[in-house]
Colleague: 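So that we are looking at the same thing, I have put the structure below in structure tokens.
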Amino acid sequence: MRGTARGHGLQGLSNARATIPAMNLRDSIGFWLKVALPTWNKGILIRRRSMVRVSAGLDLDNAAVARMQALREAYGDGPVLIRNPIRPQALLLASSDVRRVLEQTPDPFSPASSEKRAALAHFEPHVSLISVGSERAQRRAFNDQVLDSARPMHRLADRLRACAEQEAEALLHDIGPAPELTWADFIDAWSRMARRVVLGDGARDDSALTDLLARLRGRANWAFMVPKRRGALEALHARLNTHLARGEPGSLAGLIASMRPDAGTAIADQVTHWLFAMEPAGITAMRALTLLAAHPAEAEKAQAEVSVIDNPGSDLPYLRACILETLRLYPTTPVILRQTTQETAWSNGRLPSGSGILIFVPFFQRDEQRYVDAHRFRPITWLGLDPAHATPFIPFSGGPGICPAHNLVPLLAASFLAAIVRRYRVALHQPIDLMTSGRLPGTLDHFRARLGLG
């Protein structure tokens with residue numbers, strides 16, 4: 001096979017000057033058309049409803065995983081260069097290489113890739129993700145401190161869980177008797193919760209803030225292809241700073257007020273990112289509820305868990321596991337990008353400084369050749385498993401660049417869902433039917449999901 005000749009056959013070159021092998025032109029075109037383009041079309045910074053529908057209808061995400069499997073068969077486990085006219089771009093095909101890149105972030109594998117900087121500069125130009133050097137260290141430490149990154153339960157867990165359950169209860173009240181839950185209703189309630197968690201109760205009804213951020217994220221989907229709207233960014237920061245100035249106790253803004261960070265922290269950019277990340281977290285929560293509706297046995301386990309928990313501050317290990325398993329099946333960050341800060345050696349050659357590194361997450365989490373339950377919903381996998389050390393499963397990335405909210409998001413999502421499954425049995429309505437083929441589809445279109453609550 002070509003894999004022997006072009007992948008494993010190059011073992012031992014880690015100290016040689018040869019560059020890692022490149023795909024042939026046909027395979028490179030296939031990658032761009034069947035993996036990169038469908039992923040980009042769905043929207044990296046904010047989902048495009050029509051493209052998510054197309055992806056679900058044509059099963060493009062499963063086709064992308066199949067294309068990646070074919071590339072591994074052709075080129076072996078070593079990284080392989082994707083042909084492009086801009087700069088060297090290496091595609092990772094082995095989980096051991098993924099682990100290395102994540103653990104050696106930010107040097108020599110910087111998260112501040114050129115593509116990411118071009119996109120995020122539209123609405124959070126000074127966020128820690130695209131900062132470097134001492135500025136990155138300062139801003140990352142701020143994120144870790146406020147979000148309690150190292151703690152399974154945030155110091156404000158009681159307050160935050162109560163907030164999530166209150167907004168879920170308000171949602172159930174608003175949709176009335178014989179309710180049917182749609183994405184539009186769900187995300188409105190979720191966004192109210194997110195604003196309360198981040199900025200306090202005074203921001204609960206500031207939907208204009210969320211809408212403004214969504215417009216900027218829509219432009220960010222085009223990265224360097226459209227100009228930045230600096231006036232809109234200034235308006236976003238003005239609204240944010242009004243809420244932050246209150247420093248409302250019981251919110252993340254209250255914690256910030258007690259810290260008094262200096263101007264170099266770029267607080268508004270960090271907080272913008274938290275609000276941005278809350279929307280894909282809501283997508284995951286809606287998808288998890290949809291998966292529970294399609295798996296009655298798993299839904300019964302979730303109901304059994306919440307039925308015996310009276311304290312809003314208690315942990316919800318099974319519902320947390322449902323959130324993590326949903327992220328494995330349907331990652332909201334399908335591509336992880338890094339950029340080398342120096343020349344790096346690999347098993348099959350070397351990469352020059354400034355090279356791009358691309359990790360296509362669904363390939364590692366949906367590869368049935370390596371994981372027999374790749375296309376099944378099995379939350380039990382995550383019970384007792386720390387997502388920070390679960391490679392090749394990387395629901396929140398990993399290493400020093402792991403999402404600082406990797407504990408906070410499951411806490412909020414599990415609490416929100418707990419209020420729903422405690423009161424209702426969730427049923428799956430058309431047009432989504434997840435169970436016809438015996439394996440879950442590659443795309444779960446949350447926009448079209450309709451859930452009966454009975």
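For the single chain, residues carry numbers from 1 onward in sequence order.
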Colleague: Under 6.0 Å from the ring centre and within 45 degrees of the ring axis: does the NZ or CZ of R366 meet both conditions for the six-membered ring of Y330?
Modeller: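 Here R366 passes the 6.0 Å and 45° test against Y330.
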Colleague: Determine, step by step, whether L408 and L160 satisfy the side-chain contact (heavy atoms from CB on, under 4.5 Å) criterion, reporting the C-alpha distance in whole Å, the side-chain angles of both residues, the deciding distance to 0.1 Å, and the verdict.
Modeller: CA-CA 9 Å; L408 180 59; L160 302 184; 3.8 Å; yes
Colleague: Strictly distance-based, threshold 3.5 Å: is any side-chain N or O of S149 a donor or acceptor partner for the main-chain N or O of Q145?
Modeller: no
Colleague: Does R48 qualify as a cation-pi partner of W222, given the criterion of NZ or CZ under 6.0 Å from the six-membered ring centre and within 45 degrees of its axis?
Modeller: yes
Colleague: Might you confirm whether atom CZ of R100 has over 12 heavy atoms from other residues, nucleotides or ligands at distances under 6.0 Å?
Modeller: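 Buried by this count: over 12 neighbours within 6.0 Å.
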Colleague: What's the shortest heavy-atom distance between A405 and F396, and which atoms?
Modeller: O-CE2, 4.5 Å
Colleague: So, are R370 and D77 salt-bridged, with charged N and O less than 4.0 Å apart?
Modeller: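 Judged by the 4.0 Å cut-off on N to carboxylate O distance, R370 and D77 do form a salt bridge.
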Colleague: Quiz question: by atom type and distance under 3.5 Å, do the side chains of S191 and T210 form a donor-acceptor pair?
Modeller: no
Colleague: Run L93 and M68 through side-chain contact (heavy atoms from CB on, under 4.5 Å) and show every step you take.
Modeller: CA-CA 8 Å; L93 298 170; M68 291 290 297; 3.9 Å; yes
Colleague: Check whether any side-chain heavy atom of E124 lies under 4.5 Å from a side-chain heavy atom of F276, and answer yes or no.
Modeller: yes
Colleague: Mind listing the closest non-hydrogen atom pair of Q303 and V421 along with its distance?
Modeller: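 Here Q303 and V421 meet closest at CG-O, 3.4 Å.
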Colleague: Strictly below 4.0 Å, N to O, side chains only: are R204 and E167 in salt-bridge contact?
Modeller: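 Looking at E167 together with R204, the answer is yes, because their closest N to O distance falls below 4.0 Å.
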Colleague: Looking only at non-hydrogen atoms, find the nearest pair between H243 and G202 and report the distance.
Modeller: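 Heavy-atom minimum between the residues: CE1-O, 3.8 Å.
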Colleague: Between D262 and R139, is there a salt bridge with N-O shorter than 4.0 Å?
Modeller: no
Colleague: L45 and R217: which non-hydrogen atoms are nearest, and at how many Å?
Modeller: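 Heavy atoms of L45 and R217 come nearest at O-NH2, 2.8 Å.
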Colleague: Using 4.0 Å as the upper bound for N to carboxylate O, is an ion pair formed by E234 and R230?
Modeller: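 Looking at R230 and E234, the cut-off is not met.
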Colleague: Hey, is D148 close enough to R155 for a salt bridge, meaning N to O under 4.0 Å?
Modeller: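 Result for this pair is yes, salt bridge flagged.
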Colleague: Find the distance between CD1 (I46) and CG (L213) and round it off to the nearest 0.5 Å.
Modeller: 7.5 Å
Colleague: How far apart are the closest heavy atoms of A112 and S131, and which atoms are they?
Modeller: CB-O, 4.2 Å
Colleague: With R195 as the cation and W190 as the aromatic partner, state whether NZ or CZ is under 6.0 Å from the six-membered ring centre and within 45° of the axis.
Modeller: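 That pair does not qualify as a cation-pi contact.
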Colleague: Are the side chains of L451 and F186 in contact, using a 4.5 Å heavy-atom criterion?
Modeller: no
Colleague: Within the structure provided, determine whether P38 and S55 are in side-chain contact (heavy-atom separation under 4.5 Å).
Modeller: no
Colleague: Is the closest basic N to carboxylate O distance between D445 and R49 below 4.0 Å?
Modeller: no
Colleague: Around atom NZ of K34, are there more than 12 heavy atoms of other residues, nucleotides or ligands at under 6.0 Å?
Modeller: no
Colleague: Let me see the working for L319 and L292 under side-chain contact (heavy atoms from CB on, under 4.5 Å), right down to the final yes or no.
Modeller: CA-CA 10 Å; L319 274 173; L292 286 171; 4.2 Å; yes
Colleague: Do F123 and D269 come close enough that some side-chain heavy atom pair is under 4.5 Å?
Modeller: no
Colleague: In terms of the angle between their ring planes, are W382 and F393 parallel, tilted or perpendicular, with boundaries placed at 30° and 60°?
Modeller: tilted
Colleague: Salt bridge or not between R196 and E248? Use side-chain N to carboxylate O under 4.0 Å.
Modeller: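 Not counted as a salt bridge, because no side-chain N and carboxylate O are separated by less than 4.0 Å.
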Colleague: For a quick test of reading the model, state the closest non-hydrogen atom pair linking C163 to V197 and the distance between them.
Modeller: SG-CG2, 4.1 Å
Colleague: Would you confirm whether H126, through its side chain, and I267, through its main-chain N or O, come within 3.5 Å as a donor-acceptor pair?
Modeller: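 Pair absent, no side-chain N/O of H126 close to backbone of I267.
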Colleague: Is there side-chain contact between I394 and T333, with at least one heavy-atom pair below 4.5 Å?
Modeller: no
Colleague: Any heavy-atom pair between the side chains of S307 and R422 that's under 4.5 Å?
Modeller: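 In short, these two side chains do not touch, never coming nearer than 4.5 Å.
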Colleague: With a cut-off of 6.0 Å (strictly less than), are more than 12 heavy atoms of other residues, nucleotides or ligands near CZ of R151?
Modeller: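 Yes, enclosed.
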Colleague: Would you check, one step at a time, whether the test side-chain contact (heavy atoms from CB on, under 4.5 Å) holds for L358 with L337?
Modeller: CA-CA 5 Å; L358 193 153; L337 299 174; 4.1 Å; yes
Colleague: Scan side-chain atoms only and decide if Q138 and T265 contain a donor-acceptor pair under the 3.5 Å cut-off.
Modeller: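 Side chains of Q138 and T265: pair found under 3.5 Å.
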Colleague: Identify whether the distance between the nearest side-chain nitrogen and carboxylate oxygen of D205 and R192 falls below 4.0 Å.
Modeller: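 Here D205 does not pair with R192 in a salt bridge, since their nearest N and O are not under 4.0 Å apart.
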Colleague: Measure the spacing between CG of L255 and CG of L156 and express it to the nearest 0.5 Å.
Modeller: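 Between L255 CG and L156 CG, I get 4.5 Å after rounding to 0.5 Å.
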Colleague: Answer yes or no: is there a donor N or O on one side and an acceptor on the other, between the side chain of H295 and the main chain of L291, under 3.5 Å?
Modeller: yes
Colleague: Does R338 make a cation-pi contact with F109 (under 6.0 Å, within 45 degrees of the axis)?
Modeller: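 Output no; distance or angle outside limits.
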Colleague: Are F31 and F360 an aromatic pair by the rule of ring centers under 6.0 Å?
Modeller: no
Colleague: Salt bridge or not between R47 and E279? Use side-chain N to carboxylate O under 4.0 Å.
Modeller: no
Colleague: What I want to find out is whether D206 reaches R239 closely enough, with some N-O distance under 4.0 Å, to be called a salt bridge.
Modeller: yes
Colleague: Please round to the nearest 0.5 Å and tell me the distance separating atom OG of S50 and atom NZ of K42.
Modeller: 12.5 Å
Colleague: For E325 and T381, test the side chains for any donor-to-acceptor distance below 3.5 angstrom and give the result as yes or no.
Modeller: no
Colleague: Could you check whether any side-chain heavy atom of L147 comes within less than 4.5 Å of a side-chain heavy atom of W274, counting everything from C-beta outward?
Modeller: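 Contact flag for L147/W274 side chains = yes.
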Colleague: Tell me whether I380 at atom CD1 has more than 12 heavy atoms from other residues, nucleotides or ligands lying less than 6.0 Å away.
Modeller: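 It does not: I380 CD1 has 12 such atoms or fewer within range.
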Colleague: For the residue pair H237 and T272, establish whether any side-chain heavy-atom pair is separated by less than 4.5 Å.
Modeller: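 The answer is yes, as the side chains (C-beta and beyond) meet within the 4.5 Å cut-off.
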